[in-house]
Amino acid sequence: MMNNKNMMLNGMMGLVVGDALGCPVQFLSRNEIKKRKRGPVTGMEGFGTFNMPPGTWTDDSSMSFAELASIKEKGGIDLDDMMKKFVQWNFDGAFTPFGQAFDQGMTCLQAIWNFCARKDVTSCGKRGEYANGNGALMRILPVCIHLVMQQTPTEEAVDQVRKVTALTHNHLRSHIASGLHFFMVKSIMNREANDSFMDCLQRGLDEGFAFFKKDVENHKELALFERRLASLEAFAKVPEEEIKSTGYVLDTIEAAIWCLITTEDIKTALLKAVNLGDDTDTVAAIAGGLAGLFFGMDEIPAEWIKEIQKVDWIIDFCKE
């Protein structure tokens, strides 16, 4: 088992850097990024989609910081407090680079409005087929790291991940996506010295699939994920043109994992994720969080970290 010192910082810095790399080209198609005057993304850029300076992070990082703040203050998972932190983020600009929230997803916004109206964490998240954007998956990393660090029993940990996901995205597909993310985080954090990144991801996914298979009601949704993620060796051979990088949770988790298993280091993985286009910040944030956990913050290009807005605050905030 590896030393988990500064795991939260490693993972969160990977997430923030991926998010900031993707921010300026968010919503541009793969083709549009390729055909830009400056060509594909090769490093930290500024302005673009949201007209923000280089190193600006979006809702992915802000909502993750909101959850981490709640975990630190409450000493664990407190759903009511997490929703209150999301309210502070959305209305007061807490946990943002410049004191103002931007790039909020509609499903997350709806959940925040519902919570403000009803003060009920069990009913604020959207249900149904259209509640399967990536707005819960993008922020689940600090919850997963915390649960692994606390050595929370698997059954309880997956239930906590489900409840945090359901605050905004209360559909089984999103619950499974976040659950699989938890198992990958657990596998990375508990790895042996000679395990490759793909070994860690595959072992995590295998354990996740076995866990969810125990309940027959999960089988239909699980099949959507198993189609490609059951064998990462086979998935790594899928060509780029077959990889979708939209805001749909299934596309996002597939795209992030594909970038990780078809590259050798964190820099190449994040640039590949961003240059897929579409939901660039979230695909890169999810890839970055997992890669940061595996490779460590020291493997992220120093010139990228240096440009991250409020980087000193992030480092202090994430250190255990």
Side-chain angles (χ1 to χ4, degrees), residues 5-28 33 38 40-69 71-72 85 88-89 93-104 134 137-142 144-145 256 259-260 263 265-276 279-320:
K5 186 171 177 275
N6 276 346
M7 277 280 120
M8 189 66 80
L9 177 59
N10 288 339
M12 289 294 285
M13 189 59 77
L15 184 153
V16 173
V17 168
D19 182 10
L21 277 171
C23 174
V25 291
Q26 194 181 347
F27 309 130
L28 292 184
I33 293 175
R38 65 193 299 174
V41 177
T42 57
M44 206 60 79
E45 296 182 10
F47 309 99
T49 302
F50 296 102
N51 201 29
M52 295 287 192
T56 299
W57 27 279
T58 76
D59 58 333
D60 305 54
S61 302
S62 291
M63 294 189 84
S64 299
F65 288 136
E67 289 179 348
L68 181 53
I71 289 167
K72 286 169 73 167
K85 295 280 192 289
Q88 287 171 11
W89 158 67
F95 317 109
T96 65
F98 305 114
Q100 189 169 3
F102 72 100
D103 192 29
Q104 298 98 314
N134 54 25
L137 181 66
M138 72 182 192
R139 61 174 168 78
I140 206 68
L141 180 71
C144 298
I145 295 172
C259 291
L260 297 173
T263 52
D265 58 72
I266 192 166
K267 178 180 181 179
T268 318
L270 291 186
L271 291 177
K272 195 168 198 173
V274 168
N275 286 310
L276 285 177
D279 208 353
T280 49
D281 58 331
T282 305
V283 173
I286 290 162
L290 293 169
L293 274 181
F294 183 83
F295 293 106
M297 179 177 151
D298 292 345
E299 293 298 309
I300 302 170
E303 66 271 21
W304 291 359
I305 292 177
K306 202 167 67 183
E307 291 209 61
I308 293 296
Q309 300 294 330
K310 288 171 75 170
V311 69
D312 292 338
W313 173 80
I314 292 169
I315 290 168
D316 289 343
F317 184 68
C318 294
K319 272 188 177 164
E320 288 303 309

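Atoms considered below: every heavy atom in the structure, side chains included; atoms not considered: hydrogens, waters and symmetry mates. Just so it is clear, the model here is predicted, and its values are computed rather than measured.
A donor-acceptor distance shorter than 3.5 angstrom exists from the side chain of Asp19 to the backbone of Thr58, with no hydrogens or angles considered. Between the side chain of Asn134 and the backbone N or O of Leu137, no donor-acceptor pair lies under 3.5 Å.
How far CG of Leu260 is from OG1 of Thr268: 11.0 Å, rounded to the nearest 0.5 Å. The distance from atom OG of Ser61 to atom CH2 of Trp89, rounded to the nearest 0.5 Å, is 11.0 Å. To the nearest 0.5 Å, atom CH2 of residue Trp57 and atom CG of residue Leu21 are 15.0 Å apart. Interatomic distance, CG of Leu15 versus CD1 of Ile286, reported as 8.0 Å (0.5 Å rounding). Between atom SG of residue Cys144 and atom CE of residue Met7 there is a gap of 14.0 Å, rounded to the nearest 0.5 Å. Here the straight-line distance linking atom CG of Leu276 with atom CG of Leu271 works out to 11.0 Å at 0.5 Å rounding.
In terms of the side-chain contact (heavy atoms from CB on, under 4.5 Å) criterion, residue partners of Ala69 (sequence neighbours excluded) are, by chain and number, Lys85, Phe95, Phe317. Among residues two or more places apart in sequence or in another chain, the ring pair (Phe, Tyr, Trp, His ring centres under 6.0 Å) test is passed with Phe27 by none. Here Thr42 pairs with nothing under the side-chain contact (heavy atoms from CB on, under 4.5 Å) rule; sequence neighbours left out. Lys272 pairs by the side chain to side chain donor-acceptor pair (under 3.5 Å) definition with Thr262, not counting sequence neighbours.
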key: Residue pair Met12, Ile314: steps toward the side chain to side chain contact (heavy atoms under 4.5 Å, CB included) verdict   = CA-CA 9 Å; Met12 289 294 285; Ile314 292 169; 5.6 Å; no
ask   = Given the rule in the side chain to side chain contact (heavy atoms under 4.5 Å, CB included) test, do Leu28 and Thr280 qualify, once you have shown the distances and angles that lead to the verdict?
value = CA-CA 8 Å; Leu28 292 184; Thr280 49; over 6 Å; no
request  = List the steps, then state whether side chain to side chain contact (heavy atoms under 4.5 Å, CB included) holds for Thr56 with Phe98.
outcome  = CA-CA 9 Å; Thr56 299; Phe98 305 114; 3.5 Å; yes
Residue pair Val17, Met44: steps toward the side chain to side chain contact (heavy atoms under 4.5 Å, CB included) verdict = CA-CA 9 Å; Val17 168; Met44 206 60 79; 4.2 Å; yes
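Contact between Asp103 and Phe50 at its shortest, heavy atoms only, is OD1-CZ, 3.3 Å. Contact detail for Gly18 and Ala284: the closest heavy-atom pair is O-CB, 3.2 Å. Residues Ala20 and Gly55 share a closest heavy-atom pair of CB-C, 3.8 Å. Heavy-atom minimum distance, Asn275 versus Val41: OD1-N, 2.8 Å. Between Gly46 and Pro24, the shortest heavy-atom contact is O-CB, 4.2 Å.
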Residues 299-312 side chain polar contacts: donor-acceptor under 3.5 Å, at least two apart:
{"unit_1": "Gln309", "atom_1": "NE2", "unit_2": "Pro54", "atom_2": "O", "d": "2.8"}
{"unit_1": "Lys310", "atom_1": "NZ", "unit_2": "Thr96", "atom_2": "O", "d": "2.9"}

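Using a 4.5 Å cut-off on side-chain heavy atoms (C-beta onward), Asp279 and Asp281 make contact. At least one side-chain heavy atom of Met8 sits less than 4.5 Å from a side-chain heavy atom of Leu68. Side-chain contact between Ser62 and Phe102: absent, with no pair of heavy atoms (C-beta onward) separated by less than 4.5 Å. Annotation: side chain of Leu141 is in contact with side chain of Leu293 (closest heavy-atom distance under 4.5 Å). In this structure, the side chains of Phe65 and Val16 come closer than 4.5 Å at one or more pairs of heavy atoms.
Legend: salt bridge (Lys or Arg N to Asp or Glu O under 4.0 Å) pairs involving residues 43-61, not counting sequence neighbours, sorted by first then second residue: Arg36-Glu45, Arg38-Glu45.
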